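Just so it is clear, the structure is predicted and the values come from calculations on it, not from any experiment. Along the sequence shown, residues carry numbers from 1.
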Amino acid sequence: MEQNDFEKIYEQYKKQGEQHAHMKTDAGDPIGKEEFVAVRKNDDGNIIAFKTNTGRELDYVTALEEAKAGKIAHVDVFHKYGRDIIRSEPDGIKENNLDRLPEF
């Protein structure tokens, strides 16, 4: 394969993800999943809890389990620092990074 082929395949992959991310249910939720809209931080600035667009407040461990189960839109779970962590999807939009969400 040539470099151009790799780039075309990657661009197709990105478009599929963008289309999937913008799909909405009748309720207006992306693919029927909840989204994090606010966070709670401890004194060190670490995120310790999340609030969803439905008003639920989740501790970090519960949020992590729901994210692993695919119940939360626009987040990924990574294994880093010897544990699983929640990260916003890398979409290039800084405003929707979990660390930049409003606090509750």
Checking N42 now: which residues fulfil side-chain contact (heavy atoms from CB on, under 4.5 Å) with it, not counting sequence neighbours? D44, N46, I48

Can you list everything that forms a ring-ring contact (aromatic ring centres under 6.0 Å, His included) with F104? Sequence neighbours excluded, please. none

Reported NE2-to-NZ distance for the pair H74 and K33, which is rounded to 0.5 angstrom: 9.0 Å

Rounded at 0.5 Å granularity, tell me how far CZ in R40 sits from NZ in K51. 9.0 Å

Could you list the residues that satisfy side chain to side chain donor-acceptor pair (under 3.5 Å) with S88, not counting sequence neighbours? N97

Taken in chain and number order and not counting sequence neighbours, the residues that satisfy salt bridge (Lys or Arg N to Asp or Glu O under 4.0 Å) with D99 are K41

Sub-4.5 Å side-chain heavy-atom contact between L98 and V75: yes

Report yes if the side chains of V77 and I85 come closer than 4.5 Å at any heavy-atom pair, otherwise no. no

Donor-acceptor pairs under 3.5 angstrom involving side-chain atoms of residues 65-72: please list them, not counting sequence neighbours.
{"from": "E66", "atom 1": "OE1", "to": "R56", "atom 2": "NH2", "distance (Å)": "2.5"}
{"from": "E66", "atom 1": "OE2", "to": "R56", "atom 2": "NH1", "distance (Å)": "3.2"}
{"from": "E66", "atom 1": "OE2", "to": "R56", "atom 2": "NH2", "distance (Å)": "3.3"}
{"from": "K68", "atom 1": "NZ", "to": "D84", "atom 2": "OD2", "distance (Å)": "2.7"}

For residues 53-72, which residue pairs qualify under ring-ring contact (aromatic ring centres under 6.0 Å, His included), counting only residues two or more places apart or in two chains? F50-Y60

Do V39 and V37 share a hydrophobic cluster, counting only Ile, Leu, Val, Met, Phe, Trp and Tyr and linking them when any side-chain heavy atoms are less than 4.5 Å apart? no

Return yes if some donor-acceptor pair links the side-chain N/O of D59 with the main-chain N/O of A49 below 3.5 Å, else return no. no

How many angstroms lie between CG in D76 and CD in E89, if you round to the nearest 0.5 Å? 5.0 Å

Measure the CD-CG distance between E34 and N53 for me, rounded to the nearest 0.5 Å. 6.0 Å

Taking F78 as the starting point, is it possible to reach F36 by hopping between hydrophobic residues whose side chains are less than 4.5 Å apart? yes

Those residues at least two apart in sequence (or on a different chain) that pass ring-ring contact (aromatic ring centres under 6.0 Å, His included) with Y10 are Y13

